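A short worksheet on the structure shown next.
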Amino acid sequence: MADQAFFDAMEARIPKGQVRTRFAPSPTGYMHVGNLRTALYTWLIARSKGGVFILRIEDTDQGRLVEGAADVIYKTLAQCHLTHDEGPDVGGPVGPYIQTERRDLYGKYAQLLLEKGAAYRCFCSKEDAENVDVSDGVQVHQYDGRCSRLTPAEIAEKLAAGLPFVIRQKIPRTGTTTFHDAIFGDITVENSSLDDQVLIKSDGLPTYNFANVVDDHLMGITHVVRGSEYLSSAPKYNLLYESFGWEIPTYVHCSPVMRDAQNKMSKRHGDPSYEDLLAQGYLTDAVLNYVALLGWSPRGEIAEQEIFSLDELVKAFDIGGISKSPAIFDIAKLEHFNALYLRALSPEEFCAVATPYIRQAVENPAYDVAEIAALLQARCEKLTDIPEKLGFFDALPAYDVAYYVNKKSKTDEAISLAMLNAAVPLLEALPAWTAEAIHDGLMELAAKLEVKNATLMWPVRIAAAGCLVTPGGAVEICHILGRDETLRRLKIGQTLLSK
RNA sequence: GGCCCGUUGGUCAAGAGGUUAAGACACGGCCCUUUCACGGCUGUAACGUGGGUUCAAUUCCCGCACGGGUCACCA
């Protein structure tokens with residue numbers, strides 16, 4: 001018999017009068033971009049309504065357990081500042097927060113459903129239960145419900161014989177079910193199109209379909225945020241809530257994040273996960289900001305705003321701004337966001353995040369990392385762009401004299417040689433090797449020679465760096481290189497140009 | 001295939017029964033400049049389609065096309 005006292009005690013634990021949302025990933029070992037967005041929206045709904053954000057681990061599929069996967073989830077949420085108020089690691093009033101630790105509880109609620117006549121034991125093997133209808137090569141499963149017609153005597157007999165069974169939801173054969181979704185509105189389906197889905201598997205563990213309903217209710221979840229792939233199961237969940245007599249939460253079904261017009265982002269196709277994006281040189285804040293806008297847009301007077309801190313998102317977020325159609329992930333736009341975030345960092349912060357990448361390319365300890373970082377900050381879109389820009393510091397590349405020819409700067413090989421011939425003695429004689437001194441000295445020289453600044457700067461920069469494109473101009477590069485190295489390189493330039 | 005959902009420039013998207021149909025990214029051009037970049041200015045580019053309803057439809061309704069989701073003892 002159902003244990004009424006137990007149910008009453010469970011009901012008594014449920015916090016009332018607050019918005020409660022939950023992020024409920026199954027531990028797969030990495031965070032999809034789509035998952036991250038769901039977590040973000042779920043967190044935002046809670047925070048924007050002064051509510052509670054809960055983390056629940058859905059690990060009922062024993063075949064797919066991944067070692068250490070829960071840690072990835074904790075770590076990602078923490079890195080993204082999506083802090084949870086309740087969860088396996090922090091506890092809370094309605095735990096445990098890991099489904100396998102709630103195992104016994106699902107059985108009790110399934111028993112309750114059995115007694116209410118809203119579920120039944122099914123002794124069919126997986127194969128027997130399959131009523132596969134092949135149309136156009138598509139397999140369609142729908143259980144025919146034969147075990148729902150077993151007599152009590154037959155059930156007792158099979159139970160006594162120790163036959164394994166699952167518990168299935170008993171769906172009405174007629175009528176329709178309507179549910180409401182905050183994004184999609186009212187959706188109505190024929191009950192006859194709904195399958196008598198399995199609630200409790202033969203291993204005794206609940207399916208997702210059952211566990212999420214029971215847990216969402218027992219945890220007092222007010223807004224159920226999940227991917228739109230659950231839209232077609234929602235009517236069955238409604239029926240379950242109704243059978244229990246529970247209040248139906250607000251559903252928020254989010255459309256997927258796509259890699260292109262027809263495929264979801266997926267690890268299998270080589271699409272980046274959150275961890276991958278970090279490894280590719282993107283900043284967490286930029287990823288969050290970009291992902292927030294993939295499928296949600298601000299309305300009203302801030303409709304044009306694109307850059308949002310997490311706090312600003314909390315203030316601006318509303319469920320009504322979530323879009324119904326899938327959004328294609330555009331790495332180019334993420335890059336743009338990332339570039340903006342890199343530039344918004346203080347020089348010290350930027351230097352801190354950039355240093356490892358600078359050191360990949362620049363090993364010479366004589367070169368000032370902070371000074372290099374300062375050049376880079378406005379010139380890279382992601383941190384992994386950095387090393388390739390700095391190759392010339394440690395070793396002057398073998399370059400083509402044609403680099404000295406630049407129409408816009410009005411230089412060619414002969415002019416460049418003249419410029420270097422004038423610049424070398426000047427730099428040699430400079431009293432102090434400061435950026436100001438180099439700059440002023442060269443500018444005065446250009447004035448004295450009656451040439452455009454660029455006419456002098458171009459060959460100096462080419463000789464110093466040996467490449468066409470450099471982070472920063474001649475002055476900055478010479479200063480970082482130091483006087484000796486600069487002069488050594490300019491003399492190499494003179495030699496090259498003299499041939 | 002059944003059921004459900006969606007469809008504004010290449011991408012993210014705002015928008016409302018009457019607008020020159022925003023903005024951002026990308027792309028092109030120009031300016032600035034000590035290269036590249038940054039910054040500034042500017043340009044190309046969109047309401048899937050056929051029927052209704054209406055004085056008026058991209059906006060509302062229906063069909064179609066296309067795309068997605070789902071139809072597991074996976075979540």
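These numbers were taken from a predicted model, which means no experiment stands behind them. Naming convention: chains lettered A, B, ... in sequence-line order (proteins, then strands); numbering from 1 in each chain.
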Check: [X] side chain, [N] base, donor-acceptor under 3.5 Å:
X      : N     : value
A:R461 : B:U34 : no
A:R379 : B:C36 : yes
A:T470 : B:C36 : no

Taking [M] as the reference, what is the distance to [N] when you measure between their [atom1] atoms (whole Å, please)?
N     : M     : atom1 : result
B:G18 : B:C30 : P     : 40 Å
B:G9  : B:G48 : P     : 7 Å
B:C41 : B:U33 : C1'   : 16 Å
B:U54 : B:C61 : P     : 16 Å
B:C4  : B:U19 : C1'   : 34 Å
B:C12 : B:C27 : C1'   : 16 Å
B:A46 : B:U58 : P     : 15 Å
B:G2  : B:U8  : P     : 25 Å

message: So, does A:S297 get its side chain near the phosphate of B:A14, meaning an N or O under 4.0 Å from OP1 or OP2?
response: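 Yes, because at least one side-chain N or O of A:S297 sits under 4.0 Å from OP1 or OP2 of B:A14.
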query: OP1 or OP2 of B:U33 less than 4.0 angstrom from a side-chain nitrogen or oxygen of A:K408, does that happen here?
result: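 Indeed not, no polar side-chain atom of A:K408 lies that close.
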field: A:N338 and A:Y290: CA distance, side-chain angles, deciding distance, side-chain hydrogen bond (donor to acceptor under 3.5 Å, both in side chains) verdict
entry: CA-CA 9 Å; A:N338 201 60; A:Y290 173 64; over 6 Å; no
message: Checking A:H336 against A:E381 for the side-chain hydrogen bond (donor to acceptor under 3.5 Å, both in side chains) test, could you report, in this order, the C-alpha distance in whole Å, the side-chain angles of both residues, the deciding distance, and whether it holds?
response: CA-CA 7 Å; A:H336 172 252; A:E381 300 195 293; over 6 Å; no
- request: By nearest nucleotide on RNA chain B, pick out whichever of A:N209 and A:V189 is the more 5' one.
  value: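 It is A:V189 whose nearest nucleotide is closer to the 5' end.
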Given RNA chain B, 5'-ward residue of the pair A:K333 and A:A474, judged by closest heavy atom: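 Here A:K333 is the residue nearer the 5' end.
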Polar side-chain atom of A:E190 near backbone of A:S192 as donor-acceptor pair, under 3.5 Å: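 Not a single qualifying donor-acceptor pair exists.
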- prompt: Is a side-chain N or O of A:D196 found less than 3.5 angstrom from the main chain of A:K170, in a donor-acceptor match?
  reply: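 The answer is no, because no donor-acceptor pair under 3.5 Å joins these two groups.
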query: Would one find more than 12 heavy atoms of other residues, nucleotides or ligands at under 6.0 Å from atom CZ of A:R173?
result: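 No - once you tally the heavy atoms of other residues, nucleotides and ligands closer than 6.0 Å, there are 12 at most.
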task: Grab the CG-C1' distance between A:N212 and B:C73 for me, whole Å please.
output: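 Distance check: A:N212 CG to B:C73 C1' gives 16 Å.
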query: Atom NZ of A:K264 and atom P of B:A75: how far apart are they, to the nearest Å?
result: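 After rounding, the reported distance stands at 15 Å.
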A:F165 six-ring face occupied by A:K158 cation (under 6.0 Å, within 45°):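 Not flagged: A:K158 not positioned over aromatic ring of A:F165.
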Aromatic A:F329 / basic A:R259 pairing, under 6.0 angstrom, 45° off normal: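 No cation-pi geometry.
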query: Within the structure shown, what part of the strands sits under 4.0 Å from A:I328 by heavy-atom distance: base, sugar-phosphate, or nothing?
result: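 Answer is sugar-phosphate: A:I328 comes under 4.0 Å of backbone atoms only.
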- prompt: Using a cut-off of 4.0 Å on non-hydrogen atoms, how would the nucleic acid contact of A:E58 be classed: base, sugar-phosphate, or nothing?
  reply: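 Touches sugar-phosphate only.
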query: Is it true that A:Y41 and A:F317 have ring centroids separated by less than 6.0 Å?
result: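 Between A:F317 and A:Y41, which both carry aromatic rings, the centre distance is below 6.0 Å.
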Stems involving RNA chain B, each a run of at least 3 consecutive Watson-Crick or G-U pairs under 3.5 Å: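 Counting only runs of 3 or more consecutive pairs, the stems involving RNA chain B are B:1-7 with B:65-71, B:10-12 with B:23-25, B:27-31 with B:39-43, B:48-52 with B:60-64.
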